[in-house]
J.: 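Quick one: structure below, then a few questions.
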Amino acid sequence: MTRHLRSLLDLDADETARLLDLADAVKAEPAKYAKGLDGKSVAMIFAKQSTRTRISFEVGIHQLGGQALALSSSGGTGMQMGRGETVHDTAKVLSRFVHAIVIRTYGQAQVEGLAEHGSVPVINALTDLYHPCQGLADLQTIRERLGTTKGKKLVYLGAGNNVAHSLMLAGPRAGMDVVVGCPDSLRPNQAVLEKARADATKWGTRVAVETDVDAAVKGADVVYTDTWVSMGEEEEAKRLIEILRPFSVTPELMAKTGKDDSIFMHCLPAHRGDEVVDAVMDGKWSVVFDQAENRLHAQKALLLLLMGAESF
Ligand code: CP
Ligand code: NVA
């Protein structure tokens, strides 16, 4: 059966643990995996900008001995998808050429459609709804920094967006409680919240939404934030920045965790002075650049598993 990463719902808790162990192994001994994708090609379609995701996939595929094709979804050098070729036909054609498809786009339906109609693994490199590759690298980073994810509390502050949704699914898979601290008008998607809560019940953790920022951060082992204005929301920027101002992560807010050893995370890119201030980004709490690096290792592990070089 072809395995995909459309969202973290595609991995159970044991598979997530296996992937994280492999990500650590890949990080420790990259040379051991240098032929993992020998002779294989991966199409990478980007309909939105990217620094970390695109570069880490491209470099990661190269390090595994494979070929990465970085493609844009439209424009003069882009795919025919940008001129209306269907997801159905694109999936069928790409499956004749490449061994996996990585896609960053707007609608989650495109990711689901490629997986449904193609015959190769499809990896969601961010949609409006989910950012699962980020969630995996985040779990690897938390394990590295805190020794374990089990029993830890992650507090995400900001809009209930794609990154929040992936953390809500990542937490329960790794034995971690997740609290989304957000204004009432920017709560996470209800259907995703229900799925995350069902997973939390299954794996003995908790996923909650809290509109009071001080109550949210109390006891946090991890304070996490993301941009207040996601790609595609530029027209709403002024309104979002106004509503989210109280959720800005400052040293005073970090102190409200009540813990000396809590860490600060951000998927990046950061908007310094908005969702986080310099004193936190560059301060003792911050693990943001380890987190960015781990995109490379976690995604290499993901490719090895989905493309059959390693087994779950
Ligand atoms: N965190 C993340 O996905 O970054 P990019 O948008 O730069 O890929
Ligand atoms: N929520 C952000 C994440 C960027 C990595 C966005 O979708 O733009």
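Order of appearance sets the numbers: ligands from 1, and atoms from 1 within every ligand.
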J.: Could you tell me if any non-hydrogen atom of L126 lies under 4.0 Å from any atom of ligand 1?
T.: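 No; L126 lies far enough from ligand 1 that no heavy-atom distance drops under 4.0 Å.
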J.: Using 4.0 Å as the upper bound for N to carboxylate O, is an ion pair formed by D128 and K48?
T.: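 Judged by the 4.0 Å cut-off on N to carboxylate O distance, K48 and D128 do form a salt bridge.
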J.: Taking NZ, NE, NH1 and NH2 as the nitrogens, is one of them in K153 or D221 under 4.0 Å from a carboxylate oxygen of the other?
T.: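 Result for this pair is no, no salt bridge flagged.
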J.: Is it true that E310 and R18 have a side-chain N and a carboxylate O under 4.0 angstrom from each other?
T.: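 The answer is yes: the pair qualifies as a salt bridge.
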J.: Do any nitrogen or oxygen atoms of ligand 2 lie under 3.5 Å from a protein nitrogen or oxygen, and which ones?
T.:
unit_1, atom_1, unit_2, atom_2, d
ligand 2, 1 (N), N161, ND2, 3.4
ligand 2, 1 (N), N162, OD1, 2.8
ligand 2, 1 (N), D226, OD2, 2.7
ligand 2, 1 (N), S230, OG, 2.7
ligand 2, 7 (O), N162, ND2, 2.8
ligand 2, 7 (O), S230, OG, 3.4
ligand 2, 8 (O), M231, N, 2.8

J.: Please report which non-hydrogen protein atom sits nearest to atom 4 (O) of ligand 1, along with the residue it belongs to and the distance in Å to one decimal place.
T.: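 The closest one turns out to be R52 NE, 2.9 Å.
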J.: With the side chain counted from C-beta on, respond yes when W285 and D261 share a heavy-atom pair under 4.5 Å apart, and no when they do not.
T.: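 In short, these two side chains do not touch, never coming nearer than 4.5 Å.
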J.: With a heavy-atom distance limit of 4.0 Å, tell me whether R104 approaches ligand 1 through its side chain, its backbone, both, or neither.
T.: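 Near ligand 1, R104 shows its side chain, while the N, CA, C and O stay back.
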J.: Please identify which atoms of ligand 1 are closer than 4.0 Å to at least one heavy atom of R295.
T.: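 Heavy-atom distances to R295 below 4.0 Å select 1 (N), 2 (C), 3 (O).
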J.: Is H131 in contact with ligand 1, taking contact as a heavy-atom separation below 4.0 Å?
T.: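 In this structure, H131 qualifies as a contact of ligand 1 - some heavy atom is under 4.0 Å.
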J.: If a pair satisfies side-chain hydrogen bond (donor to acceptor under 3.5 Å, both in side chains) and one of its residues is in residues 204-216, list it, with sequence neighbours excluded.
T.: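 Residue pairs with at least one partner in residues 204-216: D214-K256.
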J.: Would you mind listing which atoms of ligand 1 come within a distance below 4.0 Å of any non-hydrogen atom of T51?
T.: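 This gives 5 (P), 7 (O), 8 (O) as the contact atoms.
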J.: So, is L268 polar-close to ligand 1, with some N/O to N/O distance under 3.5 Å?
T.: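 Checking ligand 1 against L268, an N or O pair does fall under 3.5 Å apart.
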J.: Is E242 salt-bridged to R239, going by a charged N under 4.0 Å from an acidic O?
T.: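 Salt bridge between E242 and R239, a charged N being under 4.0 Å from a carboxylate O: no.
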J.: N124 pairs by side chain to side chain donor-acceptor pair (under 3.5 Å) with which of Q108, H4, Q110?
T.: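 With N124 as partner, Q108, H4, Q110 yield a single side chain to side chain donor-acceptor pair (under 3.5 Å), made by Q108.
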J.: Does the side chain of E144 pick up a donor-acceptor pair with the side chain of N294 at under 3.5 Å?
T.: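 Yes - a donor-acceptor pair under 3.5 Å links their side chains.
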J.: Would you say the side-chain atoms of Y156 and N161 include a donor-acceptor pair closer than 3.5 Å?
T.: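 N161 and Y156 do have a side-chain donor-acceptor pair below 3.5 Å.
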